[in-house]
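As the structure lists them, so they are numbered: ligands from 1, and atoms in each ligand from 1. Worth knowing before you read on, the calculation uses all heavy atoms, side chains too, and leaves out hydrogens, waters and symmetry mates.
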Amino acid sequence: MKYEIATLRGDGIGPEIVDEGVKVLRAAAAAVPGLDLEFNQLAGGANHYAEHGELAPESTWKTMESAHAILLGSMGHPDIRMPDGTEAQGHFIVNARKKLGLYAGVRPIKLYPGARGVDPEQTQVDLVLVRESTEGLFASFGGGAEIPGEVYADTMIVTRKGTERVARHAFDLARTRPGRPLDGERRVTCVDKANIFRSLAFFREVYDGVAAEYPDITADHALVDSFAMLLVQHPERYDVLVTENMFGDILSDLAAALVGGLGLAPSGDIGDDHAMFQPAHGSAPDIAGRDLANPVATIVSGRMMLDWLARRHRDDSLHAAADLVERAVVRTMESGALTADLGGDLSCSRFGDEVAATVRRLAAAAG
Ligand code: NAD
Ligand code: MN
């Protein structure tokens with residue numbers, strides 16, 4: 001079957017990493033009979049805003065809605081701002097999540113061969129952070145109360161519906177996983193600040209209600225401040241985390257340090273009808289345009305997209321392609337082929353070439 005992928009290359013390193021992601025996904029699709037991926041490249045992002053005064057043409061939004069899935073590079077530049085002083089990129093991404101109902105920000109944190117976290121001895125890291133992505137502290141984004149030059153307010157909004165759906169997503173995900181590295185126990189940890197904020201006490205209360213529907217999975221809680229320490233000291237205790245929008249934004253970048261950095265942090269923004277896949281990191285203006293970025297986060301985000309499409313369309317050819325991509329990334333990194341952020345000497349594009357070649361080799365070997 002043919003799948004249309006709405007593709008936004010974005011800004012900064014975005015175009016470089018998306019090109020490698022597409023290269024690898026094309027190689028995987030070519031290796032699987034009957035699978036056709038069509039990458040429809042769309043305009044939009046911070047540079048587009050700087051040139052045209054709009055974040056994206058209307059046709060981009062329409063195609064994002066009608067396509068089977070969305071693949072996005074990182075967006076943004078610190079100097080490209082809206083009249084209210086905030087960065088243009090946020091308006092694209094936050095609005096995309098709201099418009100398309102992408103409430104579950106799924107961010108796997110996993111060690112790949114050749115990568116080491118801040119504690120090189122710690123090899124037991126395999127968790128997924130699920131970030132609520134449509135409300136929380138981002139709910140009033142673009143609005144909020146303001147007395148110009150004096151007072152600004154961004155309000156934390158937590159709803160029953162928003163919390164139930166993200167908590168369900170986390171528990172359903174836990175059922176598909178091998179459990180926490182420590183002892184294989186399946187566990188969902190609600191990370192909140194229920195001791196102080198009414199909104200987050202409610203988040204925990206709604207979470208507990210959902211947890212009761214999943215007696216096969218251990219449900220626990222943690223307060224976000226001390227949890228930040230525990231996550232660094234004992235990542236092996238955690239399996240699936242579920243958290244408010246802003247906490248999830250911060251903790252997912254922190255967690256990336258456990259597995260070698262942001263170049264290894266993929267993500268999927270998933271809703272009931274749409275999904276958008278992008279690395280968890282930003283546009284890295286400090287290394288943009290130099291073919292230096294690590295495309296693994298984007299390539300693995302593409303693999304997550306194939307898995308999501310496979311489940312949604314009950315199409316095993318997509319599972320086969322996803323499996324090829326994942327094995328090719330592991331095999332390539334095992335061989336010592338690494339980008340500069342991991343101490344290697346491969347450029348972004350050479351690394352992408354290696355992974356694509358490995359996809360073809362693995363497919364040929366499988367006959
Ligand atoms: P960043 O994630 O872009 O970069 C942080 C650090 O990590 C930088 O040193 C960068 O070089 C490094 N890094 C990130 N991705 C890498 C990769 N693939 N390979 C190697 N190194 C990598 O965060 P920032 O510097 O805080 O923000 C830069 C811009 O990105 C800002 O304009 C911000 O608004 C935007 N941003 C966009 C998104 C998005 O598109 N969803 C998310 C976060 C930030
Ligand atoms: Mn972020």
Practice task
Identify which of S283, A340, G261, G45 has a heavy atom lying nearest to atom 30 (O) of ligand 1.
Solution key: S283
Fill in the blank from the handout: Quick look: H77 vs ligand 1, heavy-atom contacts under 4.0 Å, and the answer is backbone
Practice task
Do me a favour and list the nearest non-hydrogen protein atom to atom 32 (O) of ligand 1 with residue, atom name and distance?
Solution key: E87 OE1, 2.6 Å
Problem - Closer than 4.0 Å: a protein non-hydrogen atom to atom 27 (O) of ligand 1 - result: no
Exercise for the section: Have a look at ligand 1 and work out which part of Q89, if any, has a heavy atom under 4.0 Å from it: side chain, backbone, both or neither. Expected result: side chain
Practice task
Could you tell me the residue and atom name of the protein heavy atom closest to atom 3 (O) of ligand 1, and the distance to it rounded to 0.1 Å?
Solution key: A284 N, 2.8 Å
Problem - atom 11 (O) of ligand 1: any protein heavy atom closer than 4.0 Å - result: yes
Practice task
Verify whether the ring centers belonging to Y238 and F227 lie closer than 6.0 Å.
Solution key: yes
Fill in the blank from the handout: Here the atoms of ligand 1 under 4.0 Å from any heavy atom belonging to G76 are 32 (O)
Problem - H313 ring center near Y3 ring center (under 6.0 Å) - result: yes
Problem - Distance filter under 4.0 Å to P285 heavy atoms, resulting ligand 1 atoms - result: 28 (C)
Handout entry: N/O donor-acceptor pair under 3.5 Å between T7 side chain and I5 backbone
Key = yes
Handout entry: Nearest non-hydrogen protein atom, atom 35 (C) of ligand 1
Key = M75 O, 3.3 Å
Practice task
Answer yes or no for P78: is there a heavy-atom contact with ligand 1 below 4.0 Å?
Solution key: yes
Problem - Sidechain N-carboxylate O distance under 4.0 Å for D19, K23 - result: no
Problem - Backbone of A43 reached by a side-chain donor or acceptor of T60 within 3.5 Å - result: yes
Exercise for the section: Please work out which of D286, N294, T339, D269 has its closest non-hydrogen atom nearest to atom 9 (O) of ligand 1. Expected result: D286
Problem - Pair F203 + F247: ring centers closer than 6.0 Å - result: no
Problem - Candidate pair D307 and L318, rule side-chain contact (heavy atoms from CB on, under 4.5 Å), full reasoning - result: CA-CA 7 Å; D307 276 329; L318 286 156; over 6 Å; no
Problem - Within-cutoff protein neighbour (heavy atom, under 4.0 Å) for atom 40 (O) of ligand 1 - result: yes
Exercise for the section: Just let me know how I13 lines up against ligand 1, side chain, backbone, both or neither, with a heavy-atom cut-off below 4.0 Å. Expected result: side chain
Practice task
Consider only side-chain N and O atoms of N245 and S133, and report whether a donor and an acceptor are under 3.5 Å apart.
Solution key: no
Exercise for the section: Would you mind telling me if ligand 1 is within reach of the side chain of I93, the backbone, both or neither, using heavy atoms under 4.0 Å? Expected result: side chain
Exercise for the section: Answer yes or no for L262: is there a heavy-atom contact with ligand 1 below 4.0 Å? Expected result: yes
Exercise for the section: Tell me whether the centres of the aromatic rings in F92 and H48 are closer together than 6.0 Å. Expected result: no
Completion exercise
The protein heavy atom nearest to atom 22 (C) of ligand 1 is I287 CD1, 4.1 Å
Problem - Contact check: S74 vs ligand 1, nitrogen or oxygen atoms, below 3.5 angstrom - result: no
Exercise for the section: List the closest protein heavy-atom neighbour of atom 43 (C) of ligand 1: residue, atom name, distance to the nearest 0.1 Å. Expected result: G282 CA, 3.6 Å
Fill in the blank from the handout: Short version for A297: what comes under 4.0 Å of ligand 1, heavy atoms counted, is neither
Handout entry: Donor-acceptor pair, side chain of S199 and main chain of M156, under 3.5 angstrom
Key = no
Fill in the blank from the handout: NZ of K110 to CG of L264, rounded to nearest 0.5 Å, is 11.5 Å
Problem - Polar contact flag for D341 and ligand 1 (N/O pairs, less than 3.5 Å) - result: no
Handout entry: Of R97, R131, K98, the residue whose pairing with D269 passes salt bridge (charged side-chain N to carboxylate O under 4.0 Å, His left out)
Key = R97
Practice task
Taking D291 for its side chain and S349 for its backbone only, find out whether a donor-acceptor pair lies under 3.5 Å.
Solution key: yes
Practice task
Would you check if the Mn ion (ligand 2) lies under 2.8 Å from any N, O or S atom of D249?
Solution key: yes
